[in-house]
Amino acid sequence: MSITAEDVKAALAQVIDPNTNKDFVSSKTVRNLKVDGGDISLDIELGYPAKSQIDLIRKSVLAALRVLPGVGNVSVGVSSKIISHTVQRGLKPMSNVKNIIAVASGKGGVGKSTTAVNLALALAAEGASVGVLDADIYGPSQPMMLGISGQPKTLDGKSMEPMENHGLQVSSIGFMIDPDEPMVWRGPMVTQALQQLLDQTNWRDLDYLIVDMPPGTGDIQLTLSQKVPVTGAVIVTTPQDIALLDARKGLKMFEKVGIPILGVVENMSTHICSNCGHAEEIFGAGGGAKMCADFGVEFLGALPLTMAIRQQTDSGTPTVVAEPDGPVAVIYKQIARTIAIKVAEKAKDMTNKFPSIVIKND
């Protein structure tokens, strides 16, 4: 008895993607399915970057199909395709940036910029094209964190090329000012600078642009929500009550302006002693998870407070590139993959699909 396409789909419906916890049939990721007698060929097209997961997924699909009665040759291809997803009402995605993800905190000093750069590097490590926009005009830190110096080039006198390192495209006001120069600017100047950094940087076909937001809920946050097409926001906090108090305000602000919350990252969750390895919850415990439960959002993960994270970031080689297979990098990569999956599950952007309507008088 020959194998049918329905037999193959029934087998695939039993195979669970370990990252989405959904089977490959209901998630509609099966492409180009062909059955010829006992020979089977198909492609699995993931909606999130998964370079490190491709071999695992391919093996699980092959294992499920090779036990079918009468099966012959089985060919399975696994790839990722990142598309644009919906943004706030009244805005549409940029032509050269598919998805913009804001990384924010209500309070400074919680490790937001460190988290942002490592999440960007984690997405890039999984095969995505990623950029970082340093929106902290008053305290730009991404040039130092990414080990980039110098000024951006302009080819036309009107726009600038992104600076690059570690596979990321980067734009920051920090490239254009003296490191010791304070930004004594009022709100309108700051928001204009943010808009120029976003619009006048020649981003090259980004799957994701990570925006490292300044702390708080002021002018830049409002400009971002009203004028920048954001796919979703990630809130960074520590377990400390005072940090959670401000993080809750930041989360509510994004909700009010129609930007979905992709989840919460708890930074400095436990302190790891560099001498003995003892873990201690010096900022408290469980605060991030409780906040997520209160607001019905996802707890993306917890990161330890270790000297290595600080040293690596200060030296311009953040953890994900300094120790790509280390335990902390694994956490960053898991969080980044979860964020990408939540973006992939959002509605597709259809603004370019609708035809233009032209009314003419006869």
Side-chain angles (χ1 to χ4, degrees), residues 52 101 103-126 130 132 134 136 139-148 165-168 170 174 210 212-215 234-247 250 262-292 298-340:
S52 68
I101 299 171
V103 178
S105 66
K107 182 177 177 61
V110 299
K112 168 190 52 61
S113 294
T114 300
T115 302
V117 71
N118 276 293
L119 292 180
L121 289 165
L123 288 169
E126 291 288 11
V130 186
V132 174
D134 190 350
D136 196 346
S141 55
Q142 292 300 336
M144 180 180 181
M145 289 186 169
L146 284 165
I148 305 175
N165 200 16
H166 304 311
L168 299 180
V170 188
I210 305 299
D212 179 12
M213 297 291 295
V234 174
I235 306 296
V236 180
T237 186
T238 67
Q240 189 178 10
D241 288 344
I242 194 68
L244 287 161
L245 182 68
D246 291 332
L262 299 174
V264 173
V265 175
E266 187 178 87
N267 207 16
M268 309 181 198
S269 182
T270 55
H271 171 251
I272 309 297
C273 177
S274 57
N275 289 325
C276 67
H278 174 69
E280 187 174 10
E281 296 166 333
I282 59 176
F283 290 121
K290 184 180 184 303
M291 173 179 163
C292 290
E298 184 163 350
F299 183 65
L300 296 171
L303 289 150
L305 173 62
T306 69
M307 187 181 295
I309 295 177
R310 194 271 302 166
Q311 289 174 331
Q312 290 158 352
T313 307
D314 284 353
S315 68
T317 54
T319 305
V320 170
V321 290
E323 295 182 55
D325 300 318
V328 175
V330 169
I331 298 173
Y332 279 124
K333 289 178 180 180
Q334 180 60 57
I335 293 173
R337 197 156 48 241
T338 303
I339 291 169

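Computation of the quantities below employed the complete heavy-atom set of this structure, encompassing side-chain atoms and omitting hydrogens, waters and symmetry-equivalent molecules. For this chain, numbers begin at 1 and follow the sequence in order.
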Colleague: Consider only side-chain N and O atoms of Gln312 and Thr317, and report whether a donor and an acceptor are under 3.5 Å apart.
Modeller: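 Absent: no donor and acceptor within the cut-off.
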Colleague: Considering all heavy atoms of both residues, which atom of Leu168 and which atom of Ala124 are nearest to each other, and what is their separation?
Modeller: CD2-CB, 3.9 Å
Colleague: Any side-chain heavy atom of Val170 within less than 4.5 Å of one from Asn165?
Modeller: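 Side-chain contact under 4.5 Å: no.
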Colleague: So which atom in Ala122 and which in Ala336 form the shortest heavy-atom distance, rounded to 0.1 Å?
Modeller: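 The pair with the smallest heavy-atom distance is CB-CB, 3.6 Å.
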Colleague: Name the one of Thr319, Val321, Leu303 that satisfies side-chain contact (heavy atoms from CB on, under 4.5 Å) with Asn118?
Modeller: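 Result: among Thr319, Val321, Leu303, Thr319 is the only option passing the side-chain contact (heavy atoms from CB on, under 4.5 Å) with Asn118.
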Colleague: What is the distance from atom NZ of Lys112 to atom CD1 of Ile235, rounded to the nearest 0.5 Å?
Modeller: 11.0 Å
Colleague: I need the minimum non-hydrogen distance between Ala329 and Pro324, along with the two atoms involved.
Modeller: CB-O, 3.6 Å
Colleague: Output the distance between atom OG1 (Thr237) and atom CE (Met268), rounded to the nearest 0.5 Å.
Modeller: 10.0 Å
Colleague: Could you check if a side-chain atom of Asp212 sits within less than 4.5 angstrom of a side-chain atom of Val103, using non-hydrogen atoms only?
Modeller: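 No, too far: nothing below the 4.5 Å cut-off.
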Colleague: Taking the side chain from His166 and the backbone from Gly316, do they hold a donor-acceptor pair closer than 3.5 Å?
Modeller: yes
Colleague: Assess whether side chain to side chain contact (heavy atoms under 4.5 Å, CB included) is satisfied between Val117 and Gln142, documenting all intermediate values.
Modeller: CA-CA 7 Å; Val117 71; Gln142 292 300 336; 3.4 Å; yes
Colleague: With heavy-atom distances below 4.5 Å as the criterion, would you say the side chains of Asp136 and Ser141 are in contact?
Modeller: no
Colleague: Could you check if a side-chain atom of Leu119 sits within less than 4.5 angstrom of a side-chain atom of Ile339, using non-hydrogen atoms only?
Modeller: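 SC-SC contact between Leu119 and Ile339 confirmed.
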Colleague: Identify the two heavy atoms, one from Ser269 and one from Pro239, that lie closest to each other, and give their separation to 0.1 Å.
Modeller: CA-CG, 3.9 Å
Colleague: Nearest 0.5 Å, please: how far is CZ in Phe299 from CD1 in Ile335?
Modeller: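 With rounding to 0.5 Å, CD1 (Ile335) is 8.0 Å from CZ (Phe299).
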Colleague: Glu298: what forms a side chain to side chain donor-acceptor pair (under 3.5 Å) with it, not counting sequence neighbours?
Modeller: Lys342
Colleague: In terms of side-chain geometry, is the basic nitrogen of Glu126 or Lys333 positioned less than 4.0 Å from the acidic oxygen of its partner?
Modeller: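 Here Glu126 does not pair with Lys333 in a salt bridge, since their nearest N and O are not under 4.0 Å apart.
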Colleague: Would Asp325 and Val330 count as a side chain to side chain contact (heavy atoms under 4.5 Å, CB included) if you check the C-alpha gap in whole Å, the side-chain angles of each, and the deciding distance to 0.1 Å?
Modeller: CA-CA 6 Å; Asp325 300 318; Val330 169; over 6 Å; no
Colleague: Could you tell me whether the side chain of Val234 reaches within less than 4.5 Å of the side chain of Leu300, counting heavy atoms only?
Modeller: yes
Colleague: Does any part of the side chain of Ser113, heavy atoms only, come nearer than 4.5 Å to the side chain of Met145, both counted from C-beta?
Modeller: yes
Colleague: Using distance alone, with no hydrogens and no angle criterion, decide if Thr238 and Glu266 have a side-chain donor and acceptor under 3.5 Å apart.
Modeller: no
Colleague: Of all heavy-atom pairs between Ala340 and Leu123, which one has the smallest distance, and what is that distance?
Modeller: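 Here Ala340 and Leu123 meet closest at CB-CD2, 4.0 Å.
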Colleague: Kindly indicate whether the side chain of Ile309, heavy atoms from C-beta on, has any atom under 4.5 Å from the side chain of Tyr332.
Modeller: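 Side-chain contact under 4.5 Å: yes.
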Colleague: For Asn267 and Ser105: C-alpha separation, side-chain torsions, deciding distance, then whether side chain to side chain contact (heavy atoms under 4.5 Å, CB included) applies.
Modeller: CA-CA 11 Å; Asn267 207 16; Ser105 66; over 6 Å; no
